[in-house]
Amino acid sequence: MTTDKQSPDNPEQEERQKNFVEQIIEADLTANTHEGRVHTRFPPEPNGYLHIGHAKSICLNFGIAQSYHGKCNLRFDDTNPAKEDTEYVDSIKEDVQWLGFEWDGIYFASDYFQQLYELAVQLIKAGKAYVCSLSVEETRAYRGGWDEVGKDSPYRERSVEENLDLFTRMKAGEFDDGEHTLRAKIDMGSPNMNMRDPAMYRIKHIHHHRTDDQWCIYPMYDFAHGICDSIENITHSICTLEFEHHRPLYDWFLDELDIFRSRQYEFARLNITHTVMSKRRLLELVENNHVESWDDPRMPTISGLRRRGYTPEAIRQFCTRIGVTKQNSTHDISWLEDSLRSQLNKEVLRRAAVLRPLKVVIENFPEGHVEMMEAVNNPEDPSAGTREVPFTRELYIERSDFMEDPPKKFFRLGPGREVRLRYGFFITCQEVIKDEEGNISELRCTYDPETRGGQAPDGRKVKGTIHWVSVEHAVDAEVRLYDHLFQTQHPNDVEQGQTYLDNLNPNSLEILKNCKLESSLGEAQPGERFQFERLGYFCVDSRESSDSKPVFNRSVTLRDTWAKMQKKG
RNA sequence: UACCCCAUAGUGUAAUGGUAGCACCAGUGAUUUUGAUUCACUUAGUCUAGGUUCAAAUCCUAGUGGGGUAACCA
């Protein structure tokens, strides 16, 4: 028998300081509190789609189970049929699995309705619960306020027999919604509002998505949650900070019922700059068409991030990087973006794509000639090999890679300037062609045949390297550029008379319809990810892309020092 | 107004009574056929006031600041 602390067994968690929850668990392990057993659970209510904040909780709960050879259940907290639906159950299961986790057990609070009912009866018999017939308004008035203790309900001293009778009839459907509630008999004078005789059951003649019409009374969260944890032998019940005041109640039920003591621990929920994270607000964004759907790539939902091109690994890495504490905090969205970049940089194939094309004609390159150039697929991964790309007389380059009157720090193409076409040749701009309105429509350039592959035999240097696509071989595509959903860091911080909606970024989506891609991209499959060199990471949209019309989403830009310099001026 | 939680570089986190460390951001430089990547360096921090102690970011008290809480929601 050893008293050594068990060391985490999850590679993504290694080499990291333990967060306070892990420290609690290790202390429990050392003290042998649960005979070395660690069992967590992720308990979403199926009333909306999961977002990155839930990912933090998922990574915490499932991650702990992995690290300490424990278990983690997925449990749907479906005690309020008015809001819940199987549509959400399905999406939540999909999202958890996509994130890379497997639950040990999958349960629903509704699985336990009968047990919950019996335990409620037990509390009534013990004189610890009573049927109250106050209306909602009366209940609120009796509860008192922060500066005023509550008053006992006139029904508080009903006999056990009467309570039993009434509760049985509540269950039998003899009463209308709101006529009675079952309340815990605790303390109307408690400074903690949750202890002022909280409701345990309410009458709702509503169809439940899993129990159909079997029940017309439904347990409240506070009564159900701890008992569900206890039934499942959950050792560490981890939830967010707003449930802190509920902990005494959580403990009260388990103590009075004398059943397995699960313990509740609270951590700070995740906030990220330039977005909002409450289910209510996300729902509002969808319903008012500020975004297209729950899986709009601008949404912080798991499904939105997935469609945007985020990987489960990147999200998991983000969640471990941000840590777990009790401090309210807001993480910079660049952390999330950086997690994606660092993974994709190592793994993803490089391709050339011209988003805003400018035609270049190489006057001294023979017409009809195609020169195949060798291009590296991923400089970070030699095993990714190389590919051949066609170089021809007519090419597209990025409009932003040319300036008619460039500043000295501009390393790209300008009249009379020479640049390298990546994996191509050096070219020099000889002439700028404009249309009637004065817009640049074409560049006439010459190339140096001696610079094939991008090196000059005379050793001369060129300041810039730009990407290009052969006109003849280019694949047409639509590319969607996403920016932050909100233009302010903290969208919920608003002036008088404004709402977070006033902080929406009007340019969060830019659709480019005339993009020219390297030919190999024509075969890209939905969900496939690439780095478009010098631009960013992109993925094929899983919903709207088709063979005839590929649609790419920009997942995240590359770091762009040039853009930063320009902003500063 | 009552109660609860929290307070460490710009941001986020570590140090669990014994040298305040790490990451991101920012800045500078090197390398570079992606203004990417990579590498090196730099800036900058314990909310305040008391107390306990040989020793306090850490323990205690008060204050200040931030957050949360009065659904028959979760």
Side-chain angles (χ1 to χ4, degrees), chain A residues 16-20 23 43-45 47-48 77-80 82-84 109 132 134-136 139-140 143-150 177-183 190-196 198-204 217-218 220-222 224-225 239-248 266 268 273 279 321-332 334-335 338-339 341-342 345-346 350 352 375-376 379-380 409-412 419-424 426 451 453-455 461-467 489 531-536 557-566:
Chain A
R16 185 176 52 77
Q17 298 292 335
K18 304 288 181 297
N19 63 51
F20 81 98
Q23 290 176 18
E45 183 187 13
N47 69 342
D77 220 331
D78 56 349
T79 55
N80 185 3
K83 296 182 175 177
E84 296 150 7
C132 179
L134 253 22
S135 68
V136 180
T139 305
R140 191 176 0 227
R143 187 160 38 231
W146 288 319
D147 50 353
E148 172 199 10
V149 298
D177 289 8
E179 261 190 82
H180 307 285
T181 55
L182 182 71
R183 292 228 255 163
S190 172
N192 182 345
M193 292 293 174
N194 294 120
M195 301 298 271
R196 320 248 264 224
M200 291 166 58
Y201 270 90
R202 75 289 216 191
I203 301 171
K204 273 179 191 282
I217 55 171
Y218 292 96
M220 301 288 292
Y221 167 86
D222 285 306
H225 199 93
C239 63
T240 46
L241 249 28
E242 66 271 26
F243 291 99
E244 254 171 339
H245 324 255
H246 296 246
R247 188 172 359 115
E266 310 86 12
T273 59
K279 274 190 199 170
R321 284 214 294 188
I322 57 175
V324 179
T325 69
K326 300 189 74 153
Q327 295 171 39
N328 300 108
S329 58
T330 302
H331 292 79
D332 200 302
S334 65
W335 273 57
D338 195 70
S339 300
R341 278 194 203 102
S342 67
N345 173 53
K346 281 177 260 161
R350 270 60 170 173
V376 174
E380 304 290 320
K409 286 288 189 72
F410 188 77
F411 297 155
R412 308 173 189 181
V419 296
R420 170 166 40 230
L421 294 180
R422 186 149 160 93
Y423 303 126
F426 285 11
T451 58
Q455 296 284 1
K461 299 285 184 208
V462 100
K463 270 202 188 135
T465 301
I466 65 175
H467 63 280
Q489 281 200 63
Q531 183 196 97
F532 290 175
E533 290 214 8
R534 304 209 302 132
L535 298 174
T557 62
L558 252 29
R559 277 208 193 81
D560 191 346
T561 316
W562 170 241
K564 208 182 289 171
M565 285 164 67
Q566 281 177 309

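First the proteins, then the strands, lettered A, B, ... as listed; each starts at 1.
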Restricting to nitrogen or oxygen on both sides, can you table the protein-nucleotides 65-67 of chain B pairs closer than 3.5 Å?
from: B:G67; atom 1: O2'; to: A:Asn328; atom 2: OD1; distance (Å): 3.4
from: B:G67; atom 1: O2'; to: A:Asn328; atom 2: ND2; distance (Å): 3.4

Handout entry: Base of B:G35 paired with side chain of A:Arg534 (donor-acceptor, under 3.5 Å)
Key = no
Practice task
For A:Leu134, answer base if it contacts any base atom (sugar-phosphate contacts may also be present), sugar-phosphate if it contacts only those atoms, and nothing otherwise; contact means non-hydrogen atoms under 4.0 Å.
Solution key: base
Exercise for the section: Using a heavy-atom cut-off of under 4.0 Å over every strand shown, decide if A:Gly178 touches base, sugar-phosphate, or nothing. Expected result: base
Practice task
Report yes if a side-chain nitrogen or oxygen of A:Arg247 is closer than 4.0 Å to either non-bridging phosphate oxygen (OP1 or OP2) of B:C4; otherwise report no.
Solution key: no
Handout entry: N or O in side chain of A:Arg202 less than 4.0 angstrom from B:A74 OP1/OP2
Key = yes
Practice task
Dot-bracket for RNA chain B, please, read 5' to 3', with Watson-Crick or G-U wobble pairs under 3.5 Å on both distances, ( ) within the strand, [ ] crossing, | other strand, . unpaired.
Solution key: .((((((..((((....[..)))).(((((.......)))))....(((((..]....))))))))))).....
Exercise for the section: Considering just the side-chain nitrogens and oxygens of A:Lys564, establish if one lies under 4.0 Å of OP1 or OP2 belonging to B:A26. Expected result: yes
Handout entry: Check: B:U13 base within 3.5 Å donor-acceptor of A:Arg321 side chain
Key = no
Problem - B:A26 to B:G21 separation - P atoms, rounded to the nearest Å - result: 23 Å
Problem - B:G51 versus B:A56 - spacing of their C1' atoms, nearest Å - result: 11 Å
Handout entry: N or O in side chain of A:Thr79 less than 4.0 angstrom from B:C73 OP1/OP2
Key = no
Handout entry: Phosphate-side-chain proximity, A:Gln17 and B:U13, N/O vs OP1/OP2 below 4.0 Å
Key = no
Problem - Side-chain N or O of A:Arg143 closer than 4.0 Å to phosphate OP1/OP2 of B:C72 - result: yes
